[in-house]
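Numbering starts at 1 and runs along the sequence shown. Atoms considered below: every heavy atom in the structure, side chains included; atoms not considered: hydrogens, waters and symmetry mates. Note that the structure is a prediction, hence the values are computed from the model and not measured.
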Amino acid sequence: MPSPPLSIVQSLSPRIAVLTSQDVVQSCEANGCRGLEELLRPWEGGTERVSILSTTLSPTIHPTFPVRFVSFESVYTNPALSAPGPDVTVDLISSFVGAKKPDEEQHYAITRSLLLSSRPLASHETFNHPVGILFAVSTVTPDPLGTLNKLHAQSSSSAIQNVPWMDGSTVLRFYVVVHDVNTMGDDMAPAHELLANVKKAYGPHSTLLVINSQIEHREPPMSPDVATHPSIPLPRPFTPEQSNPSALSQVYASALSSLTLSPMAAASASLGESAVSDTPFSPSRPVRRKLYGAKLTAEDTQRLAALVRELVVQSLVPWMEARVREWNEVYHANRRGITGRLFGAGRKFFGSRPNSPAPGTTPTGYNTVKGYYPTSAVEALSRRLADFSFMLRDYKFAGSVYDSLRKDFAQDRAWRYAAGATEMYGLCLLLSHPFFLPSSPPTKPVSFTNLQHTEITSWLEQAVTAYHQHSPITQIQLDALRITVLYYEAWKAIGEWRSVGYCLVKGSGESDEVPSAVMIEEAAAADVKGGKSQKGKRRRAFHLVLAARRFETAGLKTYSRRCLERASQIYRDSPWTSAQDRIEYSLGRQAYTLGESDVAVEHFLRLLRREDTGVPGSQAGPLQDMAQAYEQLASRPDLLAESSEKLQLPTPIFDIQKTRIVPSAEASTSGSTRERWVELESQALNTWDRKGKRPMTLLPDEKRIVVGVDETFQVELSATNPLNAPLILKDVTVAFDTTENINIESIPEITLDPYETRTISISVTPLSASLSTIKLSNVTFLFHEFLPCTQSLIRKGKRLHATKAQRINPTYAEDQSLTVSITPSQAGLYVELKGIPEMLYEGEEAEGKVRLKNRGKLKIGNLGMIWNEYGSIRRKVDTKHQDTSDTNIPNIIQSNTIQPFYDEDIPPGEGREIPIIFTATKTGPIDLLGLILFSNPDDDTTTTSATSVYHHVVVRPLLRLNAQIRSTGVEVQEYMIVLETTNQSSEVVRIDSIDGISPAWVIDTSQSCETLHPNQALRSLLSIKYDSSHQHDLRQTNVIEALGNLVKGQPIEEVSTSLQSDISISNKSLTSDRLQSYLVHRRSNRLEDLSAHFPTIPPTYFNRLFQLVEPLHLDLVVNYSIVPSTSSTEVQPRKGFAYIHTLNPSPSFSLVKTLREEINQLIISGNKSQRTMYEETSRLRRLLMTSVLDGILSKEDDPVKVKVRVPDANRGKVIHDFKKNGPKKLPIIFEISNQSPLLPVRYVLNLPQPSSLNNDDISTPQYIGSLVRKGTIVPNGKEIVKVDIWICEPCLTSLGGWELRTELGELQQEDGQWIARRSWSRVGDEQVLEIKGL
């Protein structure tokens, strides 16, 4: 049968004051109780199935109806003893919670019990006001009726004198005649006679209680457990068959030690006898013995329970029902009258009650001075009506009264009364849930609607806010905590968790006391209940941190630590790293303070993970604290040994996947990936032209590492500092699966900057060939100079899928990448690149050396080299740098092939230094990869071997070149180049000379010595002229033929063309160094252009289809020197070249015109190219046709330039004496030039017709003769067209308006027929000529 939680019902149950004679007290003390209230304490909650009438007179049977028995002295004589004060309550909660271990989970139960049971007597509520008084006299009393009269008179005077706001007259009076069998014997006649007299004098609310029936002596039982506890024991009376002195003693011990039933008695046992007690201490009342019920029998327990039930069922409940009906009439009468209807409005608008009553009058309203309503006030009666209805479980009626009272109290500005009514109104709404109805079946409760829940929560929040507003922020408010606990208990019963955590935190306030911390921790538990999505995890973690701070402030560090650990478990699986770090740091500090250095180190270790969003340097503090904690831990070797497995770094320092074992011959390959080395190896093998047997591979086997005895190899470790603070690694070394006959280097100390990643190389030398293989196992180091760490370097191999078991259970092959095979000593070549700076400028040439050493046992020779950057390294030749007499240069795009490096042999153990020149061909970081090939010159059957070389260079931009080409107007193919050179660097640069390189253009070399400071620019004028004597194929017939075959569908592997191997250039002043550098830059630029214009052609086939230099291309070379910052002669001069490629002064003409027509004819005739199966292949072919037929090769520009001039004009003016000489015939000359070096042009010049609509300012000239002139201009030709105009008077005339139509074409050699290619048309711009007269 459902009912409200027992904690709510018990704490707000009717209170009965017990007033007895001294004889009754002595009879109770014989059983270890200090009064009849303690003798009845175990049975006060055992009244079951009580029928209660509601205000609508409908009976309801409730499962239980508990009452609370208290001593009369604690309520009337000294009300301060009825409950501990706020400070005492807080101290009790702190002491009891602190005495329990956090794992016992008793902190909330203890806090709840002490909060609810410590409710004081208050004027604003009547729950702790006695509902009735139980009078008891004994048959031992000499004058029982007289004693009863004295007790009755005492009850009537004490209430009015000590507690004026408590109604001591309108209470139930119940009379008990106690018969002590142990004292008076078994004769019950005197007892029944006395009971009859009492009923005759005081009415039917009287009964007889027989106790102490145990007459025979029995062995005292064992002392019961008197430990305090928060539970509510509900024992049943014993039967004769169940008679057990020990069990009976334990029943009383549990009831009197309960913080809920006997808070003051339990507190006095813990705080000492000097503390307050539920029953005041006196010499006649000795200290409680730890033996209860010594004189009680099983029948006595049944009589005690029967007494409580008779009191409740026959007297208390009917009396309370009668009072509710009586007061209800008064309440409604007050509301129905004119005074009640105007109660609020009249007092609000027409007056207010005086602060103090007038002399000789009885106040009936709120006394603002003393802060209470008198018992005669309607508000006080209404509040008692509501509380009686609440105790009788009529929550709807009680709620309606509370609702009206809270409004009246608010108008009277009785804030405590208003807060109390508000909290009870919300609690009534909450307990009106159908789940709490006794008639409801025990099913799963239905939740409130959102509106209902919001309303209930708002009433609680209003009450809590009122309590906190009228007290200091830092002072704990127990009233707010009590009502919050009552709401929380009801919410828990129906499974309602919405906003529960918020309400618990709100009720706890800002105080740093233990009750507040307990409530916030309970809020954290409520945050994640009632839902499946776990959305409250973050809120729970926050509340746990808040509770931990308050626990720590209150001195309960164990509870604080428990909260932080729970919060840490939540934050460890979330991205909220800042909060997690704060928690871990607090846990570490607490553990260190408590002497748990091993736990402190564990927490500090969790702070040392990688955090990219942390404040720079924030991890330095935890690192120092961890060092101190570890120092304390190291002083305890036994504890250090136990915790050594737990002390692991959260973020590994060394990357296992980047760990490599590198033989000394390839130690320089660490700077680049394996794929680039494989590509370089492929280039060397594909262009193999060396003597001897071609090897299958040049690079060492990546899957098998072979090292000879006494040959040092490197273990390359990638170390990363995961912290945002500097980190020191000390005594870094590695370990193998065996330690015999191996010499391993140890690095003393390494300092890593925040987040720095560095490659660490450790030298290892095998000393004997007896070890066939050794395998790398781990790396050891001292983390920040104090924490010894060992990180495993064993990694898994490939996943195996051969068998079903391997597919079900992940199985991995053994990894061999960190295994070294030891062999006897073998031949080898050591190569080291020296002298090349790490930073160069674009085009700069730096001299260096390649150091070679034969570290093997055999002679080596036939040395060759190949580099991934073509031409970047070339051997320095000792020449006088004379001008080249041969003007031919290679015109083939060279492949990256093996070049001869050193012709002589190198005996074993000897070395050589070969001077080289490095050319920085492009900007940006350059990973220079090279292979030095060698073999045994005495044995042609031996396989060629190779040693890898790696060097990293950063190339920065230096000069920016910009060229503009303009016609000089003197000759057809004469131009002027305006070259602008800008210094983009921070260096001072000197321009030594400017050269031009072209097969068909002649350029005047500029020898200058201009100095450019940073961001300065230099403009140079260079004149160029077309060399008509050259014999180059301007149509590039072989290239176009090869591209035509490719477009027609011939596979690119089968396309062959006879490309010109070399080409002559016009510049004869280039030195060999300049020429070599030019060829390297020209190749790089040519490949970039071809890749951009022909994306579907693989770059490996460019050398079969295209020339390196086209005949009409012009390249400019700027020779520069970098001026050193010092004038020291020891500083080597820094020189280089800057280039601007592929200038074309002449107009472009289509090279694929004929090929396009041929392809069109094939398409029209239906002879399509070879069909393809795949759409992707067809798409690529269309892209190829577009790039060839419509790309850069099909570009055609207008080659005609027109210049109009007047021979007789002087600065645009012609002077003529019209009066003397009459009209003038003025000659006009049109110079029409064909700038195409290959194709002729036909033109038609249409002169403008005379116009009658002349402009008032500028007139149209009158041309004389034919207005249409035609002609043909040969390549690089010019034609002069002379015409005359007729001038009659001074004027301004325009020489524009003419139209020139040109057509580019060529004559067929067979029949001389003109074949047009493309035509253009233009109209002359307005050119004003002034004619002046004399």
Can you list the steps and then say if Glu675 with Val678 is a side chain to side chain contact (heavy atoms under 4.5 Å, CB included)? CA-CA 5 Å; Glu675 290 75 11; Val678 172; 5.6 Å; no
Item to complete: Decide yes or no on side chain to side chain contact (heavy atoms under 4.5 Å, CB included) for Ile774 and Asp737, but give the supporting numbers first.
Response: CA-CA 6 Å; Ile774 56 175; Asp737 53 358; 4.1 Å; yes
Worked check of side chain to side chain contact (heavy atoms under 4.5 Å, CB included) between Thr919 and Ser872
CA-CA 5 Å; Thr919 303; Ser872 57; 5.5 Å; no
Inset, instruction - Take Tyr1139 and Ser1077, measure what side-chain hydrogen bond (donor to acceptor under 3.5 Å, both in side chains) needs, and give me the verdict at the end. - result: CA-CA 10 Å; Tyr1139 297 88; Ser1077 176; 2.9 Å; yes
Test log, rule side-chain hydrogen bond (donor to acceptor under 3.5 Å, both in side chains), inputs Tyr1078 and Asp1115: CA-CA 9 Å; Tyr1078 165 74; Asp1115 300 329; 2.5 Å; yes
Assess the residue pair Arg874 and Glu845 against the criterion (salt bridge (Lys or Arg N to Asp or Glu O under 4.0 Å)); give the C-alpha distance rounded to whole Å, side-chain angles, the decisive distance to 0.1 Å, and a yes or no. CA-CA 11 Å; Arg874 68 178 186 271; Glu845 294 189 342; 3.2 Å; yes
- Query: Please walk me through it: do Thr733 and Glu745 pass side-chain hydrogen bond (donor to acceptor under 3.5 Å, both in side chains)?
  - Reply: CA-CA 7 Å; Thr733 188; Glu745 179 189 10; over 6 Å; no
**Study point:** Worked check of side-chain hydrogen bond (donor to acceptor under 3.5 Å, both in side chains) between His1081 and Arg1086
**Key:** CA-CA 8 Å; His1081 284 82; Arg1086 183 63 168 162; over 6 Å; no
Requested in this report: Applying side chain to side chain contact (heavy atoms under 4.5 Å, CB included), run through Leu1075 and Ile889 and close with a yes or a no.
Outcome: CA-CA 8 Å; Leu1075 186 58; Ile889 62 173; 3.5 Å; yes
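Under a cut-off of 6.0 angstrom, the local environment of NZ in Lys775 is crowded, with over 12 non-hydrogen atoms contributed by other residues, nucleotides or ligands. Around atom CD of Glu1053, more than 12 heavy atoms belonging to other residues, nucleotides or ligands sit under 6.0 Å away. For Arg956, the CZ atom counts as loosely surrounded, since its 6.0 Å shell holds 12 or fewer non-hydrogen atoms of other residues, nucleotides or ligands. The environment of CE in Met696 is sparse: at most 12 heavy-atom neighbours from other residues, nucleotides or ligands sit within 6.0 Å.
Thr720 and Glu756 form no side-chain donor-acceptor contact under 3.5 Å, judged by distance and modelled atom types alone. A side-chain N or O of Ser895 and one of Asn1103 form a donor-acceptor pair less than 3.5 Å apart. Residues Thr765 and Thr712 bring a donor and an acceptor atom of their side chains to less than 3.5 Å of each other.
Between the Thr811 side chain and the Arg807 main chain, no donor and acceptor come within less than 3.5 Å of each other. The backbone N or O of Gln683 lies less than 3.5 Å from no partner atom in the side chain of Asn896, so there is not a single donor-acceptor pair. Using modelled atom types, no side-chain atom of Asn741 and backbone atom of Ser768 make a donor-acceptor pair closer than 3.5 Å. The closest donor-acceptor contact from the side chain of Asn862 to the backbone of Ser935 lies at 3.5 Å or more, if one exists at all. Counting only distance, with no hydrogens or angles, the side chain of Thr687 and the backbone of Leu685 share no donor-acceptor pair below 3.5 Å. Looking at Gln1060, its side chain does come within 3.5 Å of a backbone N or O of Asp1062 through a donor-acceptor pair. Between the side chain of Arg851 and the main chain of Val831, no donor-acceptor pair closer than 3.5 Å is present. With hydrogens and angles ignored, the 3.5 Å screen pairs a side-chain donor or acceptor of Asn721 with a backbone N or O of Leu752. In terms of modelled atom types and a separation under 3.5 Å, the side chain of Thr659 and the main chain of Leu717 share no donor-acceptor contact.
Using a 4.5 Å heavy-atom cutoff, the side chains of Phe901 and Ile916 are in contact. You'll find the side chain of Val709 stays beyond 4.5 Å of the side chain of Thr823, heavy atoms only. Side-chain atoms of Ser945 and Phe934, non-hydrogen and from C-beta on, do get closer than 4.5 Å to each other. Side-chain contact check for Asn854 versus Glu910: every heavy-atom pair is 4.5 Å or farther apart. Taking 4.5 Å as the limit, every side-chain heavy atom of Arg676 sits out of range of all side-chain heavy atoms of Glu681. Counting heavy atoms from C-beta on, the side chains of Val1152 and Leu1043 never come closer than 4.5 Å. With contacts defined as side-chain heavy-atom distances shorter than 4.5 Å, the pair Glu838/Val954 does not qualify. Two residues are said to be in side-chain contact when any heavy atoms from C-beta on lie closer than 4.5 Å; Phe918 and Leu928 meet this criterion.
Taking each heavy atom of Lys859 and Asn936 in turn, the nearest pair found is O-OD1, 3.5 Å. Contact between Ala846 and Leu840 at its shortest, heavy atoms only, is CB-CD2, 4.0 Å. The two residues Arg690 and Leu863 come nearest to each other via the heavy atoms NH1-C, 4.1 Å. Contact between Val662 and Arg660 at its shortest, heavy atoms only, is CG2-NH1, 3.1 Å. Minimum heavy-atom separation, Leu1059 to Ile892: CB-CD1, 3.8 Å. For the pair Pro837 and Val953, the tightest heavy-atom approach, listed with the atom from each and the gap, is O-CG2, 3.8 Å.
With rounding to the nearest 0.5 angstrom, the CG atom of Leu1108 is 9.0 Å from the CD1 atom of Ile1063. Put simply, NZ on Lys1135 and CD on Glu847 are 10.0 Å apart, with the number rounded to the nearest 0.5 Å. Between the CD1 atom in Ile860 and the CG atom in Asp905 there is a gap of 9.0 Å [rounded to 0.5 Å]. Atom-to-atom distance recorded for His1093:NE2 and Ser1187:OG is 10.5 Å, nearest 0.5 angstrom. His951 contributes atom NE2, which lies 11.0 Å from atom CD of Glu832 (distance to the nearest 0.5 angstrom). Note that CD1 of Ile822 is 10.0 Å distant from CD1 of Ile705, once rounded to the nearest 0.5 Å.
Glu844 and Arg1134 are joined by a salt bridge, as a carboxylate oxygen and a charged side-chain nitrogen come within less than 4.0 angstrom of each other.
Ring planes of Phe1106 and Phe1102: perpendicular class, angle over 60° (limits at 30 and 60°). Between Phe654 and Phe781, the angle of the ring planes goes over 60°, which puts this pair in the perpendicular group of the 30/60° scheme.
Taking the centre and axis of the six-membered ring of Tyr870, the NZ or CZ atom of Arg1083 falls inside the cone set by 45° and 6.0 Å.
Here the options are Glu1088, Glu842, Glu869, the test is salt bridge (Lys or Arg N to Asp or Glu O under 4.0 Å), and the partner is Lys922; only Glu869 passes.
Listed by chain and number, the residues in a side chain to side chain donor-acceptor pair (under 3.5 Å) with Asp1089 amount to none (sequence neighbours excluded).
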